> 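Let me give you the structure first, and then I'll get to my questions.
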Amino acid sequence: MSQALPHADRAAFPFADAYWLSGGFRPFFFLGAIAMVASILVWLPVFSGSLEVPTRFLPVEWHVHTLLFGGVSAIIAGFALTAVSNWTGRPLVSGGLLFALVVLWVIGRVAVSTSALLGPWLAAALDMLFPLALVFVFAREVIAGGNYRNLRIVALVAVFGLTNACFHLESALAGAADHSLRAAVAVVLAMIMLVGGRIIPAFTRNWLMMRGSDRLPAPFSRVDGSAMLMSVIALVSWIAWPEAGATGVLLVLAGLANSVRVARWRGLATRSEPLLFVLHAAYATIPAGFLLVGAGVLGVAAIDPLAMVHVWTAGTVGMMTLAVMTRASRGHSGRGLVAGRLELAIFVLVFAGALARVLAGFVPQEAMPLFHGAAGCWSLAYLLFAAGYFPMLFLRPRHR
C-alpha cells in the first residue's frame, strides 16, 4: 500500500510513482548494503595508504562511521519506515518524501567523506540532516497512528542520531570519538534486543504453531525484562569506563542473562528454515559479545576486549541486518518466507566473515590472512544481497 500524491505534486516530482520509492525498505536496504561494502572495501586501501579519502577523520573512524551511521542507519530507516505502516495501518512513506530522505542520506555520506574540504562543522551539519528528518517522519507516523507504545523505538532511533552528533563533536574537540562510537554500538544493540526480543519469539511461535508443535517460545516475562535492564546497565558502564573491572563483571552478567533469554525462544527447533534460524543465530551473538568483551576487560587469558567488539559489529550487526533485510524484502514483495541458495550463501558468508574477524583476535600470528578473509566474506555477503535483491527492490513485477 503506497502513499498517493495529488496530481500537482506528481507533476512537480516526476518520480513519485517509481516502484523503488513505493516503500522505505526498497532504496534504504540497497543503499545500506552498499554502505556496508564501502565501509570495508574502501577502508582497506585507505588503511594501507594506497587510497586517500578527503575526510578529516582517522581511517578507523571513517570505517566505523560509514558502517554505523551510513549502512546501519539506512537499514534502520528501511525497517522503521516500513514497519511503522504495519504498526499504525497508515500508508507507507513513499514518493517525494521518501526520495527527500534518500537525498539527505546521500548528502551525509558525501559530507563525511569530504569533511577535510568542508570543515568539521559544515560536515557535521550536513550529516545530521538525515537522522533529524528520519526521526521527525518516524515520530509523525507513530503519533498520527496513535501507536504510542512504539515511541520507545522512535526514542532509540533519536538517541542513535544523537550519538552521530556526539561523534562529530568529540572528534572535533578531542581528536578521537571513542566514547561516541561505543555509544552508537550500544544503542544499536539495545534496538536489536528490544525489537528482536519482540519479533524473533513471535515469528518462531507462528512457525511452530503452523507445524502443530505445542512447545512454543516462552512469553515475555521478568527474565526478558531483567536481561534488558542488566544489558543497559552494562553497556552504559562500558561506554563510560571500558577498562574498569566492574564493567567487566557487568558485561559478563549481561551475557549470562541474555544467554538465558535466547535459550527460551526454541531457536534450534527452527534449524530447518534458515530464514528464521538465522535470526536466532544473530541474536545469540549478543550474549557471546557480552561474555567475550567482559572476559577481555577482566584480563582473562589473552582476550583483547577491543577485538571482541567485532562479535557485535561483524556478528550481531552483520547477521541481524541481513536476516531482517532478506526476510522483510521477501515478505513485502509478495515472495515466500523461505531461504533459497542466494540467502543461504549470504548467511554463510556473513557468519564466516564475522567468525574470521573474531578469530583474528585470538591468533595474532594469523591475523592478517584472517583479517582479509573476513573482509572478503563479509563484503561479499552484502554485495550478494545488493545484486541478488536489486530486481526485487527496484523493478516492478510484470503481471501475467
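Every heavy atom of this structure was used, including side-chain atoms; hydrogens, water molecules and symmetry mates were not. Source: prediction; values computed, not measured.
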> Looking only at atom types and distance, does a side-chain atom of R182 sit under 3.5 Å from a main-chain N or O of I239, one as donor and one as acceptor?
yes
> What pair of heavy atoms forms the shortest contact from V297 to A244, and how long is it?
CG1-O, 3.2 Å
> What do you reckon, are the aromatic ring centroids of H168 and F57 less than 6.0 Å apart?
yes
> Would you find a donor on one side and an acceptor on the other, under 3.5 Å apart, between the side chain of W312 and the backbone of I286?
yes
> Can you see which heavy atom on P217 is nearest to which on P201, and at what distance?
CG-O, 3.7 Å
> Mind checking whether W20 and F99 have parallel, tilted or perpendicular rings, split at 30° and 60°?
perpendicular
> Classify the side-chain pair Y382/T321 by whether it contains a donor and acceptor separated by less than 3.5 Å.
yes
> Step through the shown structure and confirm whether more than 12 heavy atoms of other residues, nucleotides or ligands are within 6.0 Å of CZ on R341.
no
> Looking at T247 and E243, would you say the former's side chain and the latter's main chain have a donor-acceptor pair under 3.5 Å?
no
> Taking all non-hydrogen atoms of both residues into account, name the closest pair between A74 and F28 and its distance.
O-CB, 3.1 Å
> Would you kindly say whether S221 and R264 are connected by a side-chain donor-acceptor distance under 3.5 Å?
yes
> Report yes or no: do L342 and V37 belong to one cluster of Ile/Leu/Val/Met/Phe/Trp/Tyr joined by side chain heavy-atom distances under 4.5 Å?
yes
> Is it the case that R205 places NZ or CZ above or below the six-membered ring of W207, under 6.0 angstrom from the centre and within 45 degrees of the axis?
no
> State yes or no: are the ring centers of F69 and F160 separated by less than 6.0 Å?
yes
> Please check this pair: side chain of T55 against backbone of S113, looking for a donor-acceptor N/O pair closer than 3.5 Å.
no
> Consider only side-chain N and O atoms of T66 and W43, and report whether a donor and an acceptor are under 3.5 Å apart.
no
> Spell out, yes or no, whether L117 and V46 are grouped together once hydrophobic residues are joined by side-chain heavy atoms under 4.5 Å, including indirect joins.
no
> For residues V223 and I199: do they belong to one hydrophobic cluster (side chain heavy atoms under 4.5 Å, members Ile, Leu, Val, Met, Phe, Trp, Tyr)?
no
> With a 6.0 Å cut-off on the ring centroids, do F30 and F390 count as close?
yes
> Run the numbers on W378 and V350 for side chain to side chain contact (heavy atoms under 4.5 Å, CB included), then give the verdict.
CA-CA 5 Å; W378 207 79; V350 72; 3.6 Å; yes
> So, R109 side chain and V106 main chain: donor-acceptor pair closer than 3.5 Å or not?
no
> Might you point out which heavy atoms bring G388 and P391 nearest each other, and give the distance in Å?
O-CD, 3.6 Å
> Where do L370 and R357 land on the side chain to side chain contact (heavy atoms under 4.5 Å, CB included) test, with the steps shown first?
CA-CA 6 Å; L370 285 168; R357 185 61 187 88; over 6 Å; no
> Between H332 and F25, is the ring centroid distance below 6.0 Å?
yes
> Is the side chain of S231 donor-acceptor paired with the backbone N or O of A227 at a distance under 3.5 Å, no angle test?
yes
> Please give me the minimum heavy-atom distance between L104 and A133, naming the atom from each residue.
CD1-CB, 3.6 Å
> Ring of Y19, cation from R26 - is the NZ or CZ under 6.0 Å from the centre and inside 45° of the axis?
yes
> Short question: side chain of T88, backbone of V84 - any donor-acceptor pair under 3.5 Å?
yes
> Under the salt bridge (Lys or Arg N to Asp or Glu O under 4.0 Å) test against E343, which residue among R330, R335, R327 passes?
R330
> Hey, does the side chain of D127 reach the backbone of A123 with a donor-acceptor pair shorter than 3.5 angstrom?
no
> Does I75 form a side chain to side chain contact (heavy atoms under 4.5 Å, CB included) with V324? I'd like the steps, not just the answer.
CA-CA 9 Å; I75 295 164; V324 169; 5.7 Å; no
> For H63 and S39, indicate whether the former's side chain and the latter's backbone hold a donor-acceptor pair under 3.5 Å.
yes
> Does R198 form a side chain to side chain contact (heavy atoms under 4.5 Å, CB included) with I153? I'd like the steps, not just the answer.
CA-CA 12 Å; R198 179 191 301 178; I153 300 177; 4.0 Å; yes
> Examine the side chains of T204 and H280 and answer whether a donor and an acceptor come within less than 3.5 Å of each other.
yes
> So if you build clusters from Ile, Leu, Val, Met, Phe, Trp, Tyr with side-chain heavy-atom gaps below 4.5 Å, do Y148 and V195 land together?
yes
> Is there a chain of hydrophobic side chains (I, L, V, M, F, W, Y, each step under 4.5 Å between heavy atoms) that links L126 to L169?
no
> Do S115 side-chain atoms and R56 backbone N/O form a donor-acceptor pair below 3.5 Å?
yes
> Show the nearest heavy-atom pair for residues G255 and P287, with the distance to one decimal.
O-CB, 3.3 Å
> So do the side chains of S85 and R90 get within less than 4.5 Å of each other, counting heavy atoms only?
no
